[in-house]
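Lettering of chains follows the sequences in order, A, B, ..., and the numbering in each one begins at 1.
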Protein chains: 2
Amino acid sequence: MAAVARLAGVSLKTVSRVVNGEASVRPETAARVRVAWKELGYRRNDAASTLARAQAPAGIGLIIEDISDPFYSRLTRGVQEVARAHGHFVMLSSSEENSELERSTVLALTARGIAGLIVVPHSDDQHYLEPEIESGLSVVFVDRPPQGLVADSVMSNNIEGSRLAVKHLLDLGHRRIAFVGNDRSVYTSTQRLRGYRKAHTVAGVTADEERLVILGPRTEAEAGAATSALLGSPNPPTAVFAQNNLLTTGAWRAIRESGTPVALVGFDDFALADVLDPPVTVVAQDPMTLGRKAAELLFSRLADATGPVQRIIVPTRLIVRG
Amino acid sequence: MAAVARLAGVSLKTVSRVVNGEASVRPETAARVRVAWKELGYRRNDAASTLARAQAPAGIGLIIEDISDPFYSRLTRGVQEVARAHGHFVMLSSSEENSELERSTVLALTARGIAGLIVVPHSDDQHYLEPEIESGLSVVFVDRPPQGLVADSVMSNNIEGSRLAVKHLLDLGHRRIAFVGNDRSVYTSTQRLRGYRKAHTVAGVTADEERLVILGPRTEAEAGAATSALLGSPNPPTAVFAQNNLLTTGAWRAIRESGTPVALVGFDDFALADVLDPPVTVVAQDPMTLGRKAAELLFSRLADATGPVQRIIVPTRLIVRG
DNA sequence: CTGAAAGCGCTTACAG
DNA sequence: CTGAAAGCGCTTACAG
């Protein structure tokens, strides 16, 4: 900016005026400044501008795993609604299920001066957030609890929802129920497996876990392949419980291709589940509410950071279809 | 920070060291600083920190209309891929189909110091970006061209894709083809209507636009209601062409409920379109490529801002199902 | 319509 | 292990 001022033969203040489009500058002066500034390829430093103005527009950060998953996009809407009501805008960034990226993304966001942060943790350690929290950043975790850190969190009622889904299948008479989930590093998957076990225990049924519990698939295709393998095995399941929406549609495709009448229940509802043939019974989560509660918790922390750590559980709901 | 230093009886530099977790501070000193800082509820000013360090992590901004629309989430992934390859992270924000919000969100993002910006414009005037662009911000528009501004843009081949879809229906012998789209303020909708007209003209068929062209629906439910009304009218269409994925599923539901065998083609592909009964023929856009191209164009501008304004058209593809 | 001065809240060398 | 000084690149009053 100083260079521009020198070249145009004016003061810093005048350059500032032109750059910010303030009215009161003589046209010729403004033109001279503009020429100098194009000439030098000048670009305003926003950090300095923000510092001097002593106010950036208020915003909060949100880190999710994957925007293309409708679960996260609905959660994001919930966060946005509440943020807007509080006059804040949301800066969203995705960790792409990459722990290293989670960390760098979080830090890139905080470096930009946000009032608070909501995180769907992916890595197995959020210790790196400690200095930021110490520096006064408020953080709320959603969908999964933090690790290596004690902080507020908002989660679905995974165990109970899963228990009800599997109970539903047991009540229908199924005794060989497969569980298709992610690998053990995924918190929600292990919680939902616990619900699967609980339902069996309560019903006095021993699950053939060795053959029926599949932990690993992450994509629709992988879930399809795993389900196909299950259905083709010597003693196949009569029902499948899939741990999230992607795995559910993968299992649905595999069952359909097999041509056998295998029951299916999914954790997390998805678009068109009601009009598939056969339709899909699900344990519906409420991602909007997860996001909304997380944001509300964050803003209450922003208003008053004291008080014990909170852990909010959002209920799930069995939707029986077909 | 000065207050903390005073209270702890140390210099600014020492407070800075403690806040940033630099090693070489005597434990007792550090502890004293920490106490003072908690006491005062100190929180580091990130703008000042960034300014002094003379480097924020490199990032670009992306403004879309609605994250919960899979079209935008796939577009976002494309942007993210390219940004990551360039060592930049993406700050995403949604305008929620609100023009006022688009403006404030864009400005909030630019105030945070981003290298460049990609915008899916919603408002009918992006003039407000002029000062930012003058200040050196590079901006690329995607999915729709900017208005009130000349700038780079990346778009789908709307007219041609739409023309092929409608030609497909005409070739099948349909003569009463409905068009279900958004209102005229939506650029993509009017472009796709032009393709609809072009196909009719080429085929020498006069479309009954007065009764068959519905402009207005924005949601799945609205599209369903509009389609039901069409199907219940005296001289109903034998085929429907819907202008985006939401409108398509809305039309699909209405057709299914009506029990009549009406053909359907949608613009933009969607999950499970292939396994619905009947399956849905679509003109597939390539949202990942839209995002990728927009990001590539942005980074090429960042490297060299000169050169003429570019307008990149991404092809679409008819996927015939059922 | 234009400018000189002070200051935004940090961090970076440099000393000791 | 700790500090005094200068400076990051802007903007805000205040004058004229």
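- Here ring pair (Phe, Tyr, Trp, His ring centres under 6.0 Å) pairs that include residues 84-131 of chain A, with residues two or more places apart or in two chains, are A/His86-A/Phe299, A/His88-A/Phe299.
- Taking atom CH2 on B/Trp37 and atom C1' on C/dG9, their separation rounds to 16 Å, with Å as the unit.
- Note: CZ (A/Arg6) to P (C/dG3) measures 14 Å, nearest angstrom.
- Between the P atom of C/dC1 and the NZ atom of A/Lys13 lies a distance of 14 Å, rounded to the nearest Å.
- With respect to the salt-bridge test (charged N to carboxylate O, under 4.0 angstrom), the residues B/Asp183 and B/Arg218 qualify.
- No side-chain heavy atom of B/Asn157 sits less than 4.5 Å from a side-chain heavy atom of B/Val314.
- Proximity note for A/Arg26 (side chain, C-beta onward) versus D/dA13, C/dT2, C/dG7: the nearest is C/dT2.
- Here C/dG7 is the nucleotide among C/dG7, C/dT2, D/dG7 with the atom lying nearest to any side-chain atom of A/Ala52.
- Note on B/Thr29: a side-chain N or O is less than 4.0 Å away from OP1 or OP2 of D/dT2.
- Side-chain atoms of B/Tyr42 lie closest to C/dC10 of the nucleotides C/dG9, D/dT11, C/dC10.
- With respect to A/Asp286 and A/Arg74, no salt bridge is recorded, no charged nitrogen being found less than 4.0 Å from a carboxylate O.
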Practice task
Any chance you could lay out the side-chain contact (heavy atoms from CB on, under 4.5 Å) test for A/Val79 and A/Ile60, step after step, and finish with the verdict?
Solution key: CA-CA 10 Å; A/Val79 170; A/Ile60 63 173; 4.0 Å; yes
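- One can place CG of A/Leu12 at 10 Å from P of C/dG3, the figure rounded to the nearest angstrom.
- With a cut-off of 3.5 Å on both pairing distances, the Watson-Crick and G-U wobble pairs of DNA chain D assemble into stems of 3 or more at C:1-3 with D:14-16, C:5-12 with D:5-12, C:14-16 with D:1-3.
- Comparing C/dG9, D/dC10, C/dT11 by their nearest atom to the side chain of B/Met1 picks out C/dT11.
- Rounded to the nearest 0.5 angstrom, A/Ser95 OG and A/Ile63 CD1 are separated by 7.5 Å.
- Each of B/Arg17 and B/Ala48 lies near DNA chain C, and the nucleotide nearest B/Ala48 is the one positioned closer to the 5' end.
- Residue pairs meeting the salt bridge (charged side-chain N to carboxylate O under 4.0 Å, His left out) criterion with at least one member in residues 140-154 of chain A, sequence neighbours excluded: A/Glu65-A/Arg144, A/Asp152-A/Arg301.
- Within the structure, a side-chain polar atom (N or O) of B/Ser16 is placed less than 4.0 Å from OP1 or OP2 of C/dT11.
- Phosphate proximity of D/dG3 to B/Ser11: present, with a side-chain N or O under 4.0 Å from OP1 or OP2.
- Distances shorter than 4.0 Å separate none of the side-chain N or O atoms of B/Thr14 from OP1 or OP2 on D/dT2.
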